[in-house]
Amino acid sequence: MKLETLIKPLGINISKEVESIEIDGLAFNSAKVEKNFIFVAISGTHKDGHEFIQDAISNGACVVVGEENLSSIGVPYIQVFNSRKALGLLANVFYENPTQHKIMIGITGTNGKTTTSYMLKHILESAGISCSLFGSICTIINGVENISTHTTLDALTLNQLMATSNDRAIIMEVSSHGLAQARVEGLRFDYCIFTNLEHEHLDYHENMESYYLAKQSLFNYLKPSGIAVIKSDSIWGERLCEYVSSLNREVIKVNGTDPTHIISNESLVLNKRHPLRYSINNRMKGKHNIENAALAFSTAVSLNIEPLDIENSFQHFSGVPGRFEMFQHPNGANFIVDYAHTGNAFSHILETANLYNPERIVHVFGFRGNRDVQKRSNMIQISLNNCHTCILTFDDLNGVPTQQMIEELTSLDPMNKCVIIPDRTLAIQYAWDLAQYNDLIVITGKGIENYQQKFELPTLSDLHTLNYLNDSFVHQNQYYL
Ligand SMILES: CC(=O)N[C@H]1[C@@H](OP(=O)(O)OP(=O)(O)OC[C@H]2O[C@@H](n3ccc(=O)[nH]c3=O)[C@H](O)[C@@H]2O)O[C@H](CO)[C@@H](O)[C@@H]1O[C@H](C)C(=O)N[C@@H](C)C(=O)N[C@H](CCC(=O)O)C(=O)O
Ligand SMILES: Nc1ncnc2c1ncn2[C@@H]1O[C@H](COP(=O)(O)OP(=O)(O)OP(=O)(O)O)[C@@H](O)[C@H]1O
Ligand SMILES: N[C@H](CCC[C@H](N)C(=O)O)C(=O)O
């Protein structure tokens, strides 16, 4: 493709000679550059792509796009205001606007994106609309599933993959990181859905306000005919409705679920346009899942799918891997595996668990390393308020040293109210052994993820020396040795 065509949406003038350069590909990582590629230099969180320009040129870059004011780099250089945005726009043109004829649905919010996306895919496919799915668990394109590396992939990969989709609709989760990093730049949505906003990712975003603004920015990508479907009964939801209206885009407000049917057949009351009560047989229990179903339901109704067909489709909905999945212990105790990793999600899951009237609730969970630490004590408090036994364990450490994580867990539990078993397998084993008929064991944080990043536990004598073997560690010894 000629550079002239490629850079049109950037609105930048270049010489005729440069315009005629033939481009064979794009890369934003110097190691991935090949002959006749454009290299887009991005100033990132850890590295600065501008420092790799010469590597990129050695690998074959014939044009470089970047933010810095550079000259004489050896190949034509195009300076832009925002390299990440430029990457999205270039990728979209290079892959020939792969989504222009598709029904594009983007879902954002702290919790519920994956669940809502699975529900919507199921409803749409039951109505004969094939869907590609991009999200935290996997990408599914033309029915082929691949494990995800990110909730929202980078702009280049997104466009590359979308160009391979023969499906009629694309349903994608759009994370706040994805929005802040312009990973969806160049895409346009027919529907943008907002689930909720809770304390999360404040390791990355400065505060709730900037976290909200990142989420809000998804709605800037609505087509002029696009529709926002917003869970509106919160301050953030209300504010978002006002914002979208100010953009002159249609808003469907979703609220009003019926909390009396949380674990039986659920009912949901939709927006003002459809003030009807629908009853769905949702195998995913909990008020939060009624909310997710209501968002999926409202979007589908707006796509002209008959409410009765939607109700019927839920009869065959098999749920979402790792989200409120129930299993039974041979002795009759029940297990719930879930992906809850915020205080609000804990409230939903544990309140739902309590509705089963178990003898005891035992909760196993940890905290991913190098992520929002401010949310942790609230999560422990909610767990302690709702459970008989809380077992704190490791989630993925993400580079945090084991001893530091042990220290962090112990300091979060100064009164030794929790049992601390760092090795997650042993923590689950402990809960398994503890479980008796009518108990409910809730394991949260990793959901369907069937791996645990490798870590080396300190030896028992190290723990003694470091004085970590306080009361909460007592139970661990028998499993640790
Ligand atoms: C903090 C963060 O989000 N980082 C993401 C970001 O990396 P970055 O741009 O900051 O990269 P960097 O390492 O600083 O490098 C800067 C630039 O130098 C380039 N470079 C670097 C080295 C080199 O030799 N040559 C070279 O060209 C890099 O390719 C890059 O363009 O862009 C990369 C490409 O898209 C992502 O892989 C990377 O995700 C990291 C691994 C990550 O962990 N992200 C998480 C936090 C994330 O995005 N999570 C959300 C889900 C959140 C939710 O739960 O809602 C997600 O959407 O997955
Ligand atoms: N509407 C909701 N409100 C509050 N909590 C929810 C809601 N939906 C799901 N949850 C909780 O959040 C967890 C994650 O749900 P889900 O995977 O659907 O969200 P997500 O937004 O995709 O999260 P992530 O981006 O971290 O993968 C669930 O396992 C459940 O505990
Ligand atoms: N098990 C993890 C889930 C992380 C969710 C993911 N969306 C992220 O933060 O990258 C936790 O308890 O924090």
Side-chain angles (χ1 to χ4, degrees), residues 27-33 39-56 59 61 66 83-84 87 107-119 134-137 148-158 172-184 194-198 200-201 203-205 211 214-215 231 234 254 257 284-295 320-325 336-353 365 368 370-372 396 398-399 442 444-449:
F28 60 95
N29 186 321
S30 54
K32 296 201 172 152
V33 171
F39 172 61
V40 181
I42 290 173
S43 170
T45 326
H46 303 291
K47 302 259 167 66
D48 186 349
H50 296 85
E51 287 172 13
F52 300 98
I53 287 178
Q54 286 312 319
D55 290 355
N59 288 341
S83 293
R84 292 187 192 272
L87 176 68
I107 308 176
T108 199
T110 306
N111 291 311
K113 300 183 291 300
T114 306
T115 307
T116 306
S117 69
Y118 270 69
M119 288 174 171
F134 290 77
S136 306
I137 297 181
S148 284
T149 54
H150 285 77
T151 300
T152 308
L153 294 161
D154 66 81
L156 184 55
T157 314
L158 270 179
M172 66 179 294
E173 294 181 46
V174 191
S175 67
S176 58
H177 294 78
L179 288 160
Q181 292 169 24
R183 296 181 200 160
V184 292
F194 173 77
T195 59
N196 48 57
L197 196 81
E198 304 296 336
E200 172 67 313
H201 297 313
D203 52 316
Y204 183 77
H205 303 284
Y211 180 38
K215 297 281 187 198
K231 176 80 178 36
S234 69
V254 176
T257 48
M284 299 187 69
K285 303 307 176 196
K287 179 167 166 276
H288 56 295
N289 283 320
I290 308 182
E291 292 173 2
N292 298 333
L295 286 164
V320 183
R323 272 69 175 169
F324 212 93
E325 286 198 287
I336 295 172
V337 173
D338 188 68
Y339 200 55
H341 50 78
T342 64
N344 186 258
F346 273 20
S347 300
H348 279 290
I349 291 298
L350 298 174
E351 279 166 21
T352 309
F365 65 101
R368 189 173 284 199
N370 265 332
R371 288 283 193 274
D372 193 337
D396 287 328
N398 267 354
V442 183
T444 59
K446 285 191 65 71
I448 184 71
E449 294 167 4

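We use all heavy atoms of the structure for the numbers below, so side chains are in, but hydrogens, waters and symmetry mates are not. Just follow the structure's listing: the first ligand is 1, and inside any ligand the first atom is 1. Computed from a predicted model, the values in this text were never measured in an experiment.
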(message) As a check for students: among Thr114, Thr108, Thr195, Asn111, identify the option with a heavy atom nearest to atom 5 (N) of ligand 2.
(response) Asn111
(message) For Asn398, is there any backbone N or O sitting under 3.5 Å from a side-chain donor or acceptor partner on Asn370?
(response) yes
(request) Under 4.0 Å, heavy atoms only, figure out whether ligand 1 is touched by the backbone of Phe39, its side chain, both or neither. (result) side chain
(request) May I ask you to test the Arg183-Leu87 pair for a side-chain heavy-atom distance under 4.5 Å? (result) no
(request) Return a yes/no value for Lys215: is any of its N or O atoms, backbone included, closer than 3.5 angstrom to an N or O of ligand 1? (result) no
(message) Is there a polar contact between ligand 1 and Ser176, counting only N or O atoms under 3.5 Å apart?
(response) no
(request) Would you give the length of the straight line joining atom CZ of Arg368 to atom NZ of Lys446, rounded to the nearest 0.5 angstrom? (result) 6.0 Å
(request) Look up atom CZ in Phe134 and atom CG in Leu153, then write down how far apart they are to the nearest 0.5 Å. (result) 7.0 Å
(message) Just to be sure I read this right, does ligand 1 sit under 4.0 Å from the backbone of His177, its side chain, both, or neither, counting only heavy atoms?
(response) side chain
(message) Need the ligand 2 atom indices (1-based, order shown) with element for anything under 4.0 Å from a heavy-atom of Ser136.
(response) 24 (P), 25 (O), 27 (O)
(request) Have a look at ligand 1 and work out which part of Phe52, if any, has a heavy atom under 4.0 Å from it: side chain, backbone, both or neither. (result) side chain
(message) Check this for me - ligand 1, Ser43, N or O atoms closer than 3.5 angstrom, yes or no?
(response) no
(message) Within this structure, what is the OG1-NZ distance for the pair Thr108 and Lys113, rounded to the nearest 0.5 Å?
(response) 6.0 Å
(message) Distance under 4.0 Å to a non-hydrogen atom of Ala345: what atoms of ligand 2 satisfy this?
(response) 5 (N), 11 (C), 12 (O), 31 (O)
(message) Taking Asn111's backbone N and O only, do any of them form a donor-acceptor pair with Asn196's side chain (distance below 3.5 Å, no angle check)?
(response) yes
(message) Return the OG1 to CD distance between Thr152 and Gln181, rounded to the nearest 0.5 Å.
(response) 9.5 Å
(message) Nearest 0.5 Å, please: how far is CD1 in Ile107 from OG1 in Thr151?
(response) 12.0 Å
(request) Would you indicate whether the side-chain heavy atoms of Met284 and Asn292 approach each other to under 4.5 Å? (result) no
(request) Could you list the atoms of ligand 2 found under 4.0 angstrom from a heavy atom of Arg323? (result) 16 (P), 17 (O), 27 (O), 29 (O)
(message) Can you check which of His288, His341, His201 brings a heavy atom nearest to atom 2 (C) of ligand 2?
(response) His288
(message) With heavy-atom distances below 4.0 Å as the criterion, list the atoms of ligand 1 near Ile42.
(response) 16 (C), 17 (C), 18 (O), 31 (O)
(message) Which label fits His288 and His348: parallel for a plane angle under 30°, tilted from 30 to 60°, or perpendicular past 60°?
(response) tilted
(message) Taking 4.0 angstrom as the limit and counting only heavy atoms of Ile349, give me the atoms of ligand 2 inside it, by number and element.
(response) 31 (O)
(message) If the cut-off is 4.0 Å to any non-hydrogen atom of Asn196, which atoms of ligand 2 fall inside it?
(response) 1 (N), 2 (C), 3 (N), 4 (C)
(message) Show me which atoms of ligand 2 lie under 4.0 Å from any heavy atom of Asn292.
(response) 1 (N), 2 (C), 7 (C), 8 (N), 9 (C)
(request) Evaluate the side-chain hydrogen bond (donor to acceptor under 3.5 Å, both in side chains) criterion for residues Thr115 and Tyr339: first the C-alpha distance (whole Å), next the side-chain angles of each, then the deciding distance (0.1 Å), finally the verdict. (result) CA-CA 11 Å; Thr115 307; Tyr339 200 55; over 6 Å; no
(request) Heavy-atom contacts with Glu173 under 4.0 Å: which atoms of ligand 2 show up? List them by number with element. (result) 22 (O)
(message) Taking only non-hydrogen atoms of Thr110, do any sit less than 4.0 angstrom from ligand 2?
(response) yes
(request) Taking all heavy atoms of His201 and all of Ser176, pick out the closest pair and write down the distance. (result) CD2-OG, 4.1 Å
(request) Could you check if a side-chain atom of Tyr118 sits within less than 4.5 angstrom of a side-chain atom of Pro321, using non-hydrogen atoms only? (result) yes
(request) Could you say whether the N/O atoms of Thr152 and ligand 1 ever approach to under 3.5 Å? (result) yes
(request) Give the C-alpha distance, both sets of side-chain angles, the deciding distance and a yes or no for side-chain hydrogen bond (donor to acceptor under 3.5 Å, both in side chains) between Glu173 and Thr114. (result) CA-CA 7 Å; Glu173 294 181 46; Thr114 306; 2.8 Å; yes
(request) Would you check whether Thr115 has a nitrogen or oxygen atom less than 3.5 angstrom from a nitrogen or oxygen atom of ligand 2? (result) yes
(message) Tell me the contacting part of Val320 for ligand 2: side chain, backbone, both, or neither, using a 4.0 Å heavy-atom threshold, strictly below.
(response) neither
(message) Please report the interatomic distance NZ(Lys287) to CD(Glu351), rounded to the nearest 0.5 Å.
(response) 8.0 Å
(request) May I ask you to decide if Val40's main-chain N or O and Ser83's side chain share a donor-acceptor pair within less than 3.5 Å? (result) no
(request) May I ask which of Val174, Thr151, Thr114 has a heavy atom nearer to atom 56 (C) of ligand 1 than the others do? (result) Thr151
(message) Judged on heavy-atom distance to atom 9 (O) of ligand 1, which of Arg84, Lys47, Arg371, His201 sits nearest?
(response) Arg84
(request) Show which atoms of ligand 1 fall inside a sub-4.0 Å distance from at least one heavy-atom site of Ser30. (result) 23 (C), 24 (O), 25 (N), 26 (C), 27 (O)
(request) Going by heavy-atom distance to atom 10 (O) of ligand 1, choose the closest among Asp55, Thr45, Leu179. (result) Thr45
(message) Using a 3.5 Å cut-off on N or O atoms only, is Phe28 in polar contact with ligand 1?
(response) yes
(message) Closer than 4.0 Å to some heavy atom of Asp154 - which atoms of ligand 1 meet that?
(response) 35 (O)
(request) Go through ligand 1 atom by atom and flag the ones less than 4.0 Å from a non-hydrogen atom of Gly49. (result) 17 (C), 18 (O)
(message) Please state which option from His50, Arg183, Lys113 has its nearest heavy atom closest to atom 48 (O) of ligand 1.
(response) Arg183
